[in-house]
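Just below is one structure, and these are the notes that go with it.
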Amino acid sequence: MKIMVAIKRVVDYAVKIRVKPDKSGVETQNVKMSMNPFCEIALEEALRIKESGLASEVVAVSMGPPQCVDTIRTGLAMGADRGIHVEYPDALYPLSVAKLLKALVEVEKPGLLILGKQAIDDDCNQTGQMLAGLLRWPQGTFASKVILDKEKQAATVDREVDGGIETLSLDLPAVITTDLRLNQPRYATLPNIMKAKSKVVKKYTPQDLNVEIKADLEVVQVTEPPKRKVGVVLSSVDELIDKLKNEARVI
């Protein structure tokens with residue numbers, strides 16, 4: 001079985017985000033970029049499935065500008081067998097990404113698709129669900145545990161819901177999106193980083209895949225959240241209760 005994993009290049013989680021002066025978006029020039037943390041978890045899960053003998057190949061897919069190849073190389077250094085880069089210079093929104101992934105599924109014929117539940121740049125949490133709808137495949141979102149049954153060609157997914165844990169049984173092929181508690185991603189070692197340079201990264205464009213990219217969303221303005229007010233040191237419990245009651249009006 002082949003597993004396809006979607007990975008996204010985003011601003012590193014440790015970087016302090018700065019809004020552009022014209023408020024058109026977030027500053028990405030001269031900013032450290034990394035693989036989306038949820039995508040790292042998705043790739044780690046695919047690699048563990050392969051190492052257990054339940055998959056034969058892991059393919060890492062990323063979409064965007066040429067710099068996305070660096071993110072793919074990181075995935076290859078972690079252990080992915082091949083990379084696919086769909087090159088597109090502008091912003092890609094979830095529906096467009098889902099359509100491109102659907103086109104790649106028709107080419108690659110994977111038995112399982114694993115994605116991070118969301119990206120930390122836009123926090124959309126939409127691509128996996130849209131992709132499952134387009135493919136008409138079963139989906140298991142927010143997965144905290146994944147077990148594959150090779151004989152039955154099924155996956156058991158524990159997913160986190162408001163009331164606790166929900167367990168789903170999915171017939172393969174299926175789409176799974178990963179949550180934080182699924183696993184701890186591995187680090188890419190230096191020897192594997194060197195080996196990744198020789199691994200294949202195939203390039204496509206949306207035109208190659210017969211996918212028309214449309215701007216589904218329009219960003220009107222990006223602004224920073226309001227700054228928090230300075231804290232106040234209170235001298236007594238009575239003073240605290242008075243402020244909660246008369247100023248904050250929460251009691």
Side-chain angles (χ1 to χ4, degrees), residues 4-43 46 58-78 80-105 107-108 113-128 130-131 134 177 185 188 193 196-222:
M4 183 182 289
V5 182
I7 57 178
K8 187 176 184 181
R9 178 177 180 265
V10 299
V11 176
D12 189 86
Y13 73 93
V15 171
K16 181 176 173 58
I17 299 299
R18 292 180 292 116
V19 176
K20 292 180 180 179
D22 61 0
K23 297 184 177 181
S24 62
V26 171
E27 187 61 66
T28 56
Q29 293 295 324
N30 300 317
V31 172
K32 182 183 178 183
M33 307 292 282
S34 302
M35 188 187 301
N36 176 49
F38 289 102
C39 297
E40 287 184 324
I41 293 169
L43 181 56
V58 174
V59 182
V61 179
S62 191
M63 302 173 187
Q67 294 90 334
C68 288
V69 173
D70 296 335
T71 306
I72 295 173
R73 293 290 178 198
T74 300
L76 296 175
M78 287 176 66
D81 299 289
R82 289 190 292 121
I84 295 176
H85 177 214
V86 180
E87 190 166 347
Y88 189 74
D90 300 320
L92 286 167
Y93 295 108
L95 183 57
S96 296
V97 174
K99 289 179 178 178
L100 289 168
L101 285 171
K102 178 179 181 290
L104 286 173
V105 166
V107 174
E108 292 287 332
L113 269 164
I114 308 181
L115 303 85
K117 71 169 185 177
Q118 65 195 78
I120 62 172
D121 52 0
D122 56 23
D123 272 337
C124 281
N125 181 20
Q126 296 172 340
T127 305
M130 289 178 171
L131 177 58
L134 291 172
T177 70
I193 291 172
K197 294 180 179 179
S198 63
K199 290 185 178 180
V200 176
V201 177
K202 192 168 185 178
K203 289 187 177 291
Y204 289 97
T205 64
Q207 292 77 19
D208 295 334
L209 299 170
N210 295 316
V211 175
E212 182 182 358
I213 303 298
K214 294 181 179 179
D216 306 294
L217 303 173
E218 179 186 357
V219 177
V220 178
Q221 190 180 78
V222 177

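Below, all heavy atoms of this structure are taken into account, side chains as well, without hydrogens, waters or symmetry copies.
Thr28 and Val11 get closest at one heavy-atom pair: CG2-CG2, 4.1 Å. Here the shortest heavy-atom pairing between Gly75 and Leu43 reads CA-CD2, 3.4 Å. Taking both residues in full, the closest heavy atoms of Ala98 and Leu131 are given as O-CD1, 3.4 Å, listed atom of the first, atom of the second, then distance.
No donor-acceptor pair closer than 3.5 Å links the side chain of Gln126 to the backbone N or O of Gly128. Checked by atom type and distance alone, the side chain of Asp81 pairs as donor or acceptor with a backbone atom of Val58 at under 3.5 Å. The backbone N or O of Gly116 sits nowhere less than 3.5 Å from a side-chain atom of Thr177 that would complete a donor-acceptor pair. Formation of a donor-acceptor pair under 3.5 Å by the Asn36 side chain with backbone atoms of Ile120 is found in this model. Checking side-chain atoms of Arg73 against main-chain N and O of Ala196 turns up a donor-acceptor pair under 3.5 Å. No donor-acceptor pair under 3.5 Å is formed between the side chain of His85 and the backbone N or O of Gln67. A distance-only check finds a donor-acceptor pair linking the side chain of Lys199 to the backbone of Leu76 [under 3.5 Å].
Counting heavy atoms from C-beta on, the side chains of Val10 and Met35 never come closer than 4.5 Å. Taking 4.5 Å as the limit, some side-chain heavy atom of Leu104 sits within range of a side-chain heavy atom of Ile84. Inter-residue side-chain proximity for Lys8 and Asp121 is flagged as met; some heavy-atom pair is nearer than 4.5 Å. Residues Glu108 and Met4 meet the side-chain proximity criterion, which asks for heavy atoms closer than 4.5 Å. Between Val26 and Lys20, the closest side-chain pair of non-hydrogen atoms is not below 4.5 Å. Pro206 has its side chain within reach of Leu100: a pair of non-hydrogen atoms, C-beta onward, lies under 4.5 Å apart. Put simply, the side chain of Leu113 does not reach to within 4.5 Å of the side chain of Lys102, judged on heavy atoms. With contacts defined as side-chain heavy-atom distances shorter than 4.5 Å, the pair Thr127/Leu115 qualifies.
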Derivation of the side chain to side chain contact (heavy atoms under 4.5 Å, CB included) call for Val5 and Val61: CA-CA 6 Å; Val5 182; Val61 179; over 6 Å; no

Intermediate values then yes/no, salt bridge (Lys or Arg N to Asp or Glu O under 4.0 Å), Asp208 and Lys203: CA-CA 9 Å; Asp208 295 334; Lys203 289 187 177 291; over 6 Å; no

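How far CZ of Phe38 is from CG of Asn125: 9.0 Å, rounded to the nearest 0.5 Å. From Ile114, atom CD1 reaches atom SG of Cys39 across 11.5 Å, with rounding to the nearest 0.5 Å. In this structure, Leu92 CG and Lys99 NZ are separated by 12.0 Å, a value rounded to the nearest 0.5 Å. Note that OG1 of Thr205 is 12.0 Å distant from CE of Met63, once rounded to the nearest 0.5 Å. Separating the SG atom in Cys124 from the OH atom in Tyr93 is a distance of 9.0 Å, to the nearest 0.5 Å. From Met130, atom CE reaches atom CG of Leu95 across 5.0 Å, with rounding to the nearest 0.5 Å.
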